[in-house]
Amino acid sequence: MSYLINKDLAQKVMMLSVIFRTTKPCGGGVSTVLECYDKYFDGLRHIPTWKYTNPLNKVWYFFYHWVFFVFLLLFDRRIRVVHIHTAAGASFKRKTIMAKTAKFFKKKVILHMHAADFKEFYAVSKDKDSIVANIRQCDKLIVLSPQWKDYFISIGIPEENIIILNNIISPPDALAIDSKHDASKKPMVRMLFLGWLGKRKGIWDLLDVIVKHHEELKGKFKLRFGGNEFEDEIRKLLKNNHLEDVAEFEGWVNGEKKTRCLEWANVFVLPSYNEGLPISILEAMSYGMPIISTPVGGIPEVVKTGKNGFLVKPGNKEEIWKAIKFFIDSPTEIENYGKASLDLVQEYTPTHVLSHLKQIYDELLNE
């Protein structure tokens, strides 16, 4: 194994985020980022601050790990940089406590923003000044795209404190990509959706499209989709509309199961209403897939309509259908669009991303 972050540097950095070394539902794309970091750090140091459980256990889980964090800051002199991964809402409030704690112990703090809904969180807040002050206390704010950088500048974060760092994915074996376009396979759209099953990710819009066009999809299309929450409602919808021949619900998908889904699919769909820059899209691109998604967050940075996929308006079911029908009617274009995805995703591979992250760490350590 060739580590991109050596042991000496890895020992100086403490990461804080959701739990990720688990087979249970956890932090979605953030946990995937940490799983990838874990492969290329020679000893990733990590403290989890959240896991998928009931509210009372979440409070206890956070408090326990905050105490552990304080203990390490008191007695482990190797820690010099605290790298905090955050979303909006309660995640941001928890991570603010961790950032203040780290600054009290005079550590360099990086706040790494993954929130898709931070704009909404900030817009409805009654204490916007406090939110901005909590971000400004950190030495650096990492964002996922130029659009997010512009947004944070607009609310009062100094431009010199903001760094754009691409999300990271582990590329698959080349054989996994080649197998998608095996000439012996029946021409068929094998579509994959991975994400939380609430409204924000657009899964219900996608299922409405499949219900409406069921007859046209038979024999030409199959959707496999995974996620958690609303599982009973999903299964009821599939059963009541007799969609078993065109749609298959996988439940929670991670680990080896996710790899099998990515190897099976040849088109990826994520018709979200808001996003940062979804890891699921980058992973699908690394597997040589065209993408059907929406022009929200950083997605337009990697999905180009007519080149490696289609961007549709959030909630526009007719546009979702037209994008699906394009690949049904032109199955040979799946491979062409997939090759374009492979070209566009290269800047999100570990060598590129972690060399940039190492530079960020080095600059902070040398200040």
- Message: Checking side-chain polar atoms at under 3.5 Å, does His46 have a donor or acceptor matched by the opposite partner on Asp38?
- Response: no
- In chain order, what residues pass the salt bridge (Lys or Arg N to Asp or Glu O under 4.0 Å) check against Glu248, with sequence neighbours excluded? Lys222
- Query: For Trp50 and Ser91, does a side-chain donor sit closer than 3.5 Å to a side-chain acceptor?
  - Reply: no
- Decide if the gap between the ring center of Phe310 and the ring center of Phe327 is smaller than 6.0 angstrom. yes
- Salt bridge between Glu231 and Arg235, side-chain N to carboxylate O under 4.0 Å? yes
- In a check of side-chain contact (heavy atoms from CB on, under 4.5 Å) between Leu223 and each of Val189, Leu206, Val267, which one passes? Leu206
- ring-ring contact (aromatic ring centres under 6.0 Å, His included) partners for Phe104, two or more places apart: none
- Identify which one of His213, Lys218, His214 satisfies the side chain to side chain donor-acceptor pair (under 3.5 Å) criterion when paired with Glu216. His213
- Message: Just checking Trp204: does its CH2 atom have more than 12 heavy atoms from other residues, nucleotides or ligands closer to it than 6.0 angstrom?
- Response: yes
- Can you list the steps and then say if Tyr61 with His65 is a ring-ring contact (aromatic ring centres under 6.0 Å, His included)? CA-CA 6 Å; Tyr61 191 81; His65 286 96; 4.4 Å; yes
- Using the test side chain to side chain contact (heavy atoms under 4.5 Å, CB included), find all partners of Leu56 that sit at least two apart in sequence or belong to another chain. Asn54
- Query: Should Asp208 and Lys212 count as an ion pair when the cut-off is N to O under 4.0 Å?
  - Reply: no
- Query: Glu160: what forms a side chain to side chain contact (heavy atoms under 4.5 Å, CB included) with it, not counting sequence neighbours?
  - Reply: Pro158
- Query: Who are the salt bridge (Lys or Arg N to Asp or Glu O under 4.0 Å) partners of Glu319, not counting sequence neighbours?
  - Reply: Lys313
- Check: Ile47 and Met15 side chains under 4.5 Å, non-hydrogen atoms: no
- Query: What do the steps show when you test Phe193 against Phe268 for side-chain contact (heavy atoms from CB on, under 4.5 Å), and what is the final call?
  - Reply: CA-CA 6 Å; Phe193 170 100; Phe268 188 81; 5.7 Å; no
- Hits for side chain to side chain contact (heavy atoms under 4.5 Å, CB included) against Ala88, two or more places apart or cross-chain, chain-then-number order -> Ala115, Asp117, Phe118, Phe121
- Message: If the condition is ring-ring contact (aromatic ring centres under 6.0 Å, His included), which residues does Phe249 pass it with, not counting sequence neighbours?
- Response: Phe225
- Just how far is it from atom CD of Glu283 to atom OH of Tyr287, taken to the nearest 0.5 Å? 7.5 Å
- Message: Under a 3.5 Å threshold, yes or no: a donor from one side chain and an acceptor from the other, between Tyr273 and Asp205?
- Response: yes
- Can you find a heavy atom in the side chain of Leu217 that is under 4.5 Å from one in the side chain of Ile324? yes
- Message: Please determine whether ring-ring contact (aromatic ring centres under 6.0 Å, His included) holds for the pair Tyr337 and Phe326, giving the CA-CA distance in whole Å, both sets of side-chain angles, and the decisive distance to 0.1 Å.
- Response: CA-CA 12 Å; Tyr337 277 54; Phe326 172 84; 5.5 Å; yes
- Message: Could you walk me through whether Phe75 and Phe71 satisfy the ring-ring contact (aromatic ring centres under 6.0 Å, His included) test, starting with their C-alpha distance in whole Å, then the side-chain angles of each, then the deciding distance to 0.1 Å, before giving a yes or no?
- Response: CA-CA 6 Å; Phe75 297 107; Phe71 177 84; 5.0 Å; yes
- With sequence neighbours excluded, what pairs up with Lys201 under the salt bridge (Lys or Arg N to Asp or Glu O under 4.0 Å) test? Glu275
- Query: Below 4.0 angstrom, N of the basic side chain to O of the carboxylate: do Asp8 and Lys12 qualify?
  - Reply: yes
- Message: I'd like to check the salt bridge (Lys or Arg N to Asp or Glu O under 4.0 Å) partners of Lys304; sequence neighbours left out, ordered by chain and number.
- Response: none
- Counting only heavy atoms not in Tyr64, do more than 12 fall under 6.0 Å of its OH? no
- Query: Pairs in or reaching into residues 143-159: which pass side-chain hydrogen bond (donor to acceptor under 3.5 Å, both in side chains), with residues at least two apart or in two chains?
  - Reply: Ser145-Gln147, Gln147-Glu301
- Item | Listed partners of Ser341 passing side chain to side chain contact (heavy atoms under 4.5 Å, CB included), at least two apart | Met285, Ile291, Asn308
- salt bridge (charged side-chain N to carboxylate O under 4.0 Å, His left out) pairs touching residues 77-91, sequence neighbours excluded, are Asp76-Arg78
